[in-house]
There are 2 protein chains.
Amino acid sequence: MIKTRGKADRVAQKTPARSKVRRRPAPRPESEPVDPRRMDDDPVVQGILTAISQKRLKPGTKLGEDRLARALGTTRIHIRQALAHLASRKIVVQFPNRGAFVYRPTWEEAREMFAARRVIEAATVAAAIDRLDKPGKVLLKAHMAREAADDRSDRWASLSLTAEFHILIAQLAGNHVLLDMARELILRTSLAIATFEQPGAPDCSPDSHPDIGELVLARDKAAAVAAMTHHLDDIERRIQPRQADGEVDELTEIFKDLGVRPAARHDS
Amino acid sequence: MIKTRGKADRVAQKTPARSKVRRRPAPRPESEPVDPRRMDDDPVVQGILTAISQKRLKPGTKLGEDRLARALGTTRIHIRQALAHLASRKIVVQFPNRGAFVYRPTWEEAREMFAARRVIEAATVAAAIDRLDKPGKVLLKAHMAREAADDRSDRWASLSLTAEFHILIAQLAGNHVLLDMARELILRTSLAIATFEQPGAPDCSPDSHPDIGELVLARDKAAAVAAMTHHLDDIERRIQPRQADGEVDELTEIFKDLGVRPAARHDS
DNA sequence: TTGTTCGATATTGTCGACGAAATGGGCGGT
DNA sequence: ACCGCCCATTTCGTCGACAATATCGAACAA
């Protein structure tokens, strides 16, 4: 008979307020309205994300499912979901029957990411200045202090710190949509940098951050936008279009001034 | 033994050019280098996406897995993948153990989407003017002709058409990253409109499109940017912050100026 | 030695089924 | 008549296993 299911087909999303207006019978403790699932909170996703932003996972790295499952202590299905999510956000690429790899942007795409960042972040600094208030100033000053106090002893922590400056600006802008875009762009940009950086160049000239921060605190919008744009230009200038198709070129690059040959290959 | 798998761990992403240079033994027809999986090409995703952009799926609609699987003639696992992808892009929301629903933005988020669109699309028109060339002009003129010839006979086709104008501008900008963002924003904006629109108001004042198009063709950047911004303001003004939490309020809205009271409540 | 073919291995993709949670309706108590 | 509880049904989440495909190594021919 199949029972065509006449109702409840479109019940409307909304934090599951019970069908009627009656307040919940308190089966739940309180204040837990069953939040929507946020894949970004998944520990697997978080792990891969921070590993990437700290450059512990390099572009092109294969992310095998079974391997990750064992490494992170979960089952393959969670890994699959996490990888699918990261693939949707273009943090990883999935090839059919071959697996997932950390995304490696092309040179053109890297350029386009920076162009997009200039657009977005120019808007976020401007908006951040517009709606800057006491708590915002406190947050900004606190971050600037943290960056000033950073002694570069922990390269990974420093990398996170510089990225957080840009994210903080986007947060101060108060637009969650722009914030998400900025987050995504910053992450993907770090992939672009990792792909095309010259070996041994710093990631993000941290010297510019205090200047930008001061301009924001001074509410000098035009100068702050100009400084941010210039800052991003600076970062972009640090990358070069080396052969992005790697492997062979990578090897020639590695061995070209090294003079060693594989010898006779007997591992173990 | 476990076999720590000494090599090939990071082989680099790159369109799987065969391990050697030899041409393939011809199991594949030709010219198909195994492209990365693009979830956006999935027919299920496409179906839901166009259904949403044409407002055949309204915000809040429940997207049951088994139901969709039967409706679209696939298995549940494909539906799950598609829904996960759409959830990553915030087109749908997934509640644990409750299913997926077409995303219904909050009022603030709707405002933020428009603000973001002003930022992105101001940049895309500007860039489109900068790199406008012959084929670009042809495309733009062709689209303007199509919009001019549209007789609104097919409401769904008209909706797609107006969205495509904005996407075309973004395409002309030549920045794939910005293009993707514009695509996503346009789609989510249409969800915001569907959520908060006043019943019976047109979606996107199509009258503005010819003006903007002409300004682009005339390469008047300042005026085009201003026109685009104004156009988006126009659209945003058409929505109102009605109670977004729906159902009860939705019903009161439906019946509020209808003059009927529940009387003495004896249904049937 | 160089290049090709074939088989073994490993990894991914998919399916079916079961357990878990929530929804909805009916029942009994106040 | 209303409110709360309980159970049946539906739907989602997860696990295990199998099939499909690619990768790797070795044997083989030129």
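Residue numbers start from 1 in every chain, and the chains themselves are labelled A, B, ... in the order their sequence lines are given, proteins ahead of strands.
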**Request:** Taking only the side-chain nitrogens and oxygens of Arg98(B), find out if one of them lies under 4.0 Å from OP1 or OP2 of dT23(C).
**Result:** yes
**Prompt:** Does the Glu112(B) side chain pair with the main chain of His176(A), one donor and one acceptor, at a distance under 3.5 Å?
**Reply:** yes
**Prompt:** Between dT11(C), dG13(C), dC12(D), which nucleotide has the shortest distance from any of its atoms to the side chain of Asn97(B)?
**Reply:** dC12(D)
**Fill in**
Atom CG of Asp66(B) and atom C1' of dG13(D) are separated, to the nearest Å, by 13 Å
**Request:** Report the distance from atom CD of Glu65(A) to atom C1' of dA10(C), rounded to the nearest whole Å.
**Result:** 12 Å
**Request:** Please check the phosphate of dG13(D) (OP1 and OP2 only) for any side-chain N or O of Arg37(A) closer than 4.0 Å.
**Result:** yes
**Asked** Between Lys90(B), Arg117(B), Arg183(B), which is the residue that forms a side chain to side chain contact (heavy atoms under 4.5 Å, CB included) with Arg188(B)?
**Response** Lys90(B)
**Message:** By the definition side chain to side chain contact (heavy atoms under 4.5 Å, CB included), identify the one residue from Leu57(B), Val44(B), Leu187(B) that meets it with Leu49(B).
**Reply:** Leu187(B)
**Message:** In whole Å, I'd like the distance from the CG atom of Leu68(A) to the C1' atom of dT12(C).
**Reply:** 13 Å
**Prompt:** Between Gln94(A) and Arg37(B), is there a donor-acceptor pair closer than 3.5 Å when you use the side chain of the first and the backbone of the second?
**Reply:** no
**Fill in**
Arg56(A) and Trp156(A) have their tightest heavy-atom pair at NH1-CZ3, 2.8 Å
**Request:** Can you sort out which residues in residues 72-88 of chain A have a heavy atom within less than 4.0 Å of DNA chain D? Ascending by number, please.
**Result:** Thr75(A), Arg76(A), Ile77(A), His78(A), Gln81(A)
**Item:** Check: Arg98(B) main-chain N/O paired with Lys62(B) side-chain donor or acceptor under 3.5 Å
**Value:** yes
